[in-house]
Amino acid sequence: MSGNKQDLLLFFDRPTEPCFMQKGEDNAVFQLPEHYYPDKYKSASAQLESKFGSDSGRSIPIRNIALPDLSLPMQLPYNDQFSLFVPAHRQLAGRLIDIFMNMRDVADLQSVCAYCQLRINPYMFNYCLSVAILHRPDTKGLNIPTFAETFPDKFVDPKVFRKARETTTVVPEGSRMPVIIPQNYTAADAEPEQRVAYFREDIGINLHHWHWHLVYPFEAADRSIVDKDRRGELLYYMHQQIIARYNMERLCNNLPRVTRYNDFRAPIEEGYFPKLDSQVASRAWPPRFANSVVKDLDRPVDQIRVDVTTLEAWRDRFVQAIEEGAIDLPSGRKLPLDEKTGIDILGNLMEASSISLNPAKYGDFHNMGHVVISYAHDPDHRHLEQFGVMGDSSTAMRDPVFYRWHAYVDDVFNLHKAKLPAYTPQQLDFPSIRVSSISVQGRGGANTFATQWEQSTVELSRGLDFQPRGSMPARFTHLQHEDFMYNIEVNNTSGQSMMGTVRIFMAPAGDESGQPLPFEDQRRMMVELDKFSTPLPPGNNTIKRSSKDSSVTIPFERTFRSQDSRRGEPGSAEAAEFDFCGCGWPHHMLLPKGTAQGYPCVLFVQVTNWNEDRVEQDLVGSCNDAASYCGIRDRKYPDKRAMGFPFDRPNPASSLSDFLQPNMAVQQCRIKFTDATRIRAQN
Ligand code: CUO
């Protein structure tokens, strides 16, 4: 039968193999109208149909429809890299998303997909189909396979594919041992930045970042896809948290905090050699040599011309607007950057998304930063090279320069935050609610977190095109921590029942040399660990909360979910939100690595008045377990306060203890790392 929405997922299977070949677990085959075959296959279409159809498990007839005009999306060559940060690509993708969104039903969508899959750049096709599936009402409940399975070449050392090819060809399915994805393959220990490669190159972290940008696209003809509640602010906050987390990770590894990249004329000290191959482009991703300097871009093939001076001009206009506390609108009017919406306006202007209020003046600062850096090796295309990893949201976080760029972007946002009045004690406190302590208990002992390495398995077969079929597991190593429980003691002296919002953060206790951090530095390194609401009956309350319930993370199984492990019946409310749940910080990276001696850090808790924080909305059937960094699908951001509250603004307090109100508590803790590797139990 055609028109089964589940069959749309077959277009993610072996993405460069033509869709008339067998797809999926049950070897399904799409039966295409004759004229859907590209010229190179046309003369043989009858043979192809019988070749792949004869032993297929199921055949899916494709409806013959009047095809929409696909000339624009087809402009991107099939074998090129695709980047959301490149304006021309964004435009082509915006058009294709539009086409997919406007197909009148699933059968028509399937039909246009079948035609496109044979012709359109596979990365762009995958991205646009994913966005459409996430946003069409009739495709809710579909569980898009994890990007690491569809395009493992964006995440994994290419040597692994050679081994996998050998194994799938020689060893029968069932007896195949996982191939091992090596942990440190991009640089030697002589490169200091290598000490945090386990963070930068973590598959889960890169998947989260890709997924975040999938959920929050910055361009689409349908404004509602872009214009989501507080999306500009979330861009700021999610990336701010990445920098905070990375900085703590660096301090654990004896590296200084990341230095912002704000002088576009200065060499970028850090080199990066990605050692990834693009299977679609049949090319290695270009490296960036140490001390590269970015240049004016003039790449007619990508329709990009941008000068370094333009980047500087955009930057100066941002700084000026923030200084003045207002942006210029195209009409010549000024729009004030107020406490409530200023950061959201700046986020959209900065990115820039298609809801930027004045692209002509403020340009495309953040995206173009990615682009200019990603072409440092070939700014005028004389070597016919494509962009480096900074140009792709699924690979950008591998490169040390990503953090330098985003540290600067964050600095600009912080200029705005610094203009806002500091929170008053009244804004911070929750009268009659007294928090006396927070502590943690787990296998590491009291107030000690335990971390170590863990090996887990991902499935590569869906991304191994033109190879023998069947499962091909690969094993990779990542950081992991022991589960723990928070214990929070709260006294409600009001005599009546209250509801509280519990906000838990963690930050390093000291700076690079172990000296106590000034409040201003420490607040910017505060990492959100959890946020939840809880009833507070009168009197003493002990709140217990498991680390596994964190509002920033999603469980391992969801980061690496495969199509087979879906939960709920298709179309059920439970399954409906499953896809959105792919966004979320990977749970295995909740905590930084720590050190063998036990890295000193501080745990912070604040309980605020839920009645003032809450957002009235129906959350039934919504996937909201990683709302802190990802929001909630089709809903408002579930916390009225500024993202990052209470640390989003500077405060005259000189130290964290100076900042504390009676509804807050801190606890000195340690993160103890054991250099051992365990194998994750599969469930
Ligand atoms: Cu996510 Cu720059 O916004 O990579």
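Numbering of ligands and ligand atoms starts at 1, following listing order. We number each residue from 1, following the sequence as shown. Fair warning: this is a prediction, and the values are worked out from it, not measured in the lab. Only this structure's heavy atoms are used, side chains among them; waters, hydrogens and symmetry mates stay out.
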One finds that the ligand 1 atoms under 4.0 Å from a non-hydrogen atom of His370 are 2 (Cu), 4 (O)
Q) Should the ring pair Phe273 and Phe289 be called parallel, tilted or perpendicular, given that the plane angle runs from 0 to 90° and is split at 30 and 60? A) perpendicular
Ligand 1 atoms nearer than 4.0 angstrom to some heavy atom of His209 are 1 (Cu), 4 (O)
Side chains of Phe532 and Ile504: does their closest heavy-atom pair fall under 4.5 Å?
yes
### Message
Treating Arg231 as the side-chain partner and Pro217 as the backbone partner, does any N or O pair qualify as donor plus acceptor under 3.5 Å?
### Response
yes
Does Tyr123 have Lys154 sitting over its ring (NZ/CZ under 6.0 Å from centre, angle to axis within 45°)?
yes
Counting from 1 in the order shown, the ligand 1 atoms closer than 4.0 Å to a non-hydrogen atom of His406 are 2 (Cu), 3 (O), 4 (O)
Between Arg317 and Ala360 the two heavy atoms that sit nearest each other are NH1-O, 4.2 Å
Checking heavy atoms under 4.0 Å, the part of Phe402 that sits near ligand 1 is side chain
Testing the 3.5 Å rule here: is there a donor-acceptor pair between the side chains of Thr553 and His587? yes
Answer key: the N, O or S atom of His239 nearest to atom 1 (Cu) of ligand 1 is NE2
Looking at His366, the N, O or S atom sitting nearest atom 2 (Cu) of ligand 1 is NE2
Quick note on ligand 1: atoms under 4.0 Å from a heavy atom of His213 include exactly 1 (Cu), 3 (O), 4 (O)
Answer with yes or no whether Trp405 contacts ligand 1, where contact means a heavy atom under 4.0 Å from a ligand atom.
no
